[in-house]
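What follows is a short report on a single structure.
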Amino acid sequence: MDSLDLVSPYLFRYKNMNFLLKEKLRAKDIDALLDFEIRPTDIFLITYPKSGTIWMQQILAEIIGAVKPDWLEDVTNRTQIPMLEGGVLGDPFRPRPDPRVFRSHLYPDMLPHGVKNKQVKVVYVWRNPKDVLVSMYHFARSFVLLETPESFADFFQQFLDGDVLGGSWFDHVKKGHEAQTYLDIHFVQYENMLKDLRQEVVELCAFLGADLTDEVIDRVVEKSTFKNMKTDPKGNYKDLSETHIYKEPTMRKGVAGDWKNHFTVAQNERFDKVFKEKMSSFPLTCTWEVKE
Ligand code: A3P
């Protein structure tokens, strides 16, 4: 039996990342993923939780389905694009047509060896951490495998300490950026998708080598708007709400700047101070708000 480094009654820490205790995944399974067999056509979607993972799953599924119509199975995009770490959120070992797409919240350096040395394409979506914190706070109240926070203030502190699902946002995003030395990685900022989804889809298609007509790109964009995904059972994880794994809809607000409705002035000042300390050498700029 593994000895577990407990972060809380719901999370254990391994390699500085936090995992759900109620899932079956343990240290040996995480290590075994390093040898996960990779195909050259595989695509990996990497995110820190609550950064727009499902949104990008929907976009990738629509792009690949447009290039290769028989790729689309009659399943949710959660099943079609399974979580590498497995668990209730998907089975990576299920046979699926090429190109296989996996999603993962692992730090980039924990990914299978075959993903490294720029052998397959990696899409990394990141979002401003204040909105990630808020989204994750609501998610922790919704997802039955996570501890319901005592209060927003408690959760705020846990997030800054990296004691939440996914570990430290600061480490994840820094490692993501550094990973361009060994991954063939395309960065997408959540807020840029809010500002101009079409442009982001065009750039993503160029990275993936997907040659789509303007009309097809328009369709991908249309299928991936918040409004459409909210009612699309393939993309909105409704089945998890129906089975009571999620108590709230995962398509919550889908905006940039909701943290302003949650942070006190003091919390915001504290966040900015920690952000400055931890991200001083980070070259990318966060977008803290997008006006609707
Ligand atoms: P909010 O909780 O702030 O609304 P993840 O998929 O990584 O768990 O991220 C979930 C967040 O992405 C949620 O944020 C969700 O609403 C948002 N999201 C999902 N699809 C979206 C879309 N089409 N447009 C904008 N935001 C979207």
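Please read all numbers here as calculations on a predicted model, not as lab measurements. Indexing begins at 1, ligand by ligand and atom by atom, following the structure's order.
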**OP:** Report the residue from Tyr48, Tyr107, Tyr124 that forms a side-chain hydrogen bond (donor to acceptor under 3.5 Å, both in side chains) with His172.
**Re:** Tyr124
Among [options], which residue places a heavy atom closest to [atom]?
atom                    : options                        : value
atom 10 (C) of ligand 1 : Lys50, Gln57, His105           : Lys50
atom 13 (C) of ligand 1 : Gly166, Ala256, Ser142, Ser135 : Ser135
atom 24 (N) of ligand 1 : Phe143, Tyr137, Trp55          : Trp55
atom 11 (C) of ligand 1 : Arg252, Met251, Arg127         : Arg127

If you measure every N or O of [X] against every N or O of ligand 1, does any of those distances drop under 3.5 Å?
X      : result
Gly254 : yes
Ile54  : yes
Gly52  : yes
Tyr48  : no

Original post:
In Å, rounded to the nearest 0.5 Å, how long is the span from CD1 of Ile64 to CH2 of Trp71?
Top reply: 4.5 Å
Could you see which bit of [X] sits under 4.0 Å from ligand 1, with heavy atoms only: side chain, backbone, both or neither?
X      : result
Thr225 : backbone
Ser51  : backbone
Thr250 : backbone
Tyr190 : side chain

**OP:** Pull out every atom of ligand 1 sitting under 4.0 Å from any heavy atom of Ser224, numbered as shown with elements.
**Re:** 23 (N)
Original post:
Numbering the atoms of ligand 1 from 1, which are under 4.0 Å from a heavy atom of Met229?
Top reply: 20 (N), 23 (N)
What class does the angle between the rings of [X] and [Y] fall in, given that below 30° is parallel, 30 to 60° is tilted and above 60° is perpendicular?
X      : Y      : answer
Phe139 : Tyr246 : perpendicular
Tyr190 : Trp55  : perpendicular
Phe275 : Phe271 : parallel
Phe152 : Phe263 : tilted
His262 : Tyr137 : perpendicular

**OP:** Could you tell me whether ligand 1 has any atom less than 4.0 Å away from a heavy atom of Thr47?
**Re:** no
Using a strict threshold of under 4.0 Å (side-chain N to carboxylate O), is an ion pair present between [Y] and [X]?
X      : Y      : answer
Lys223 : Asp232 : no
Lys130 : Asp272 : yes
Glu277 : Lys273 : yes

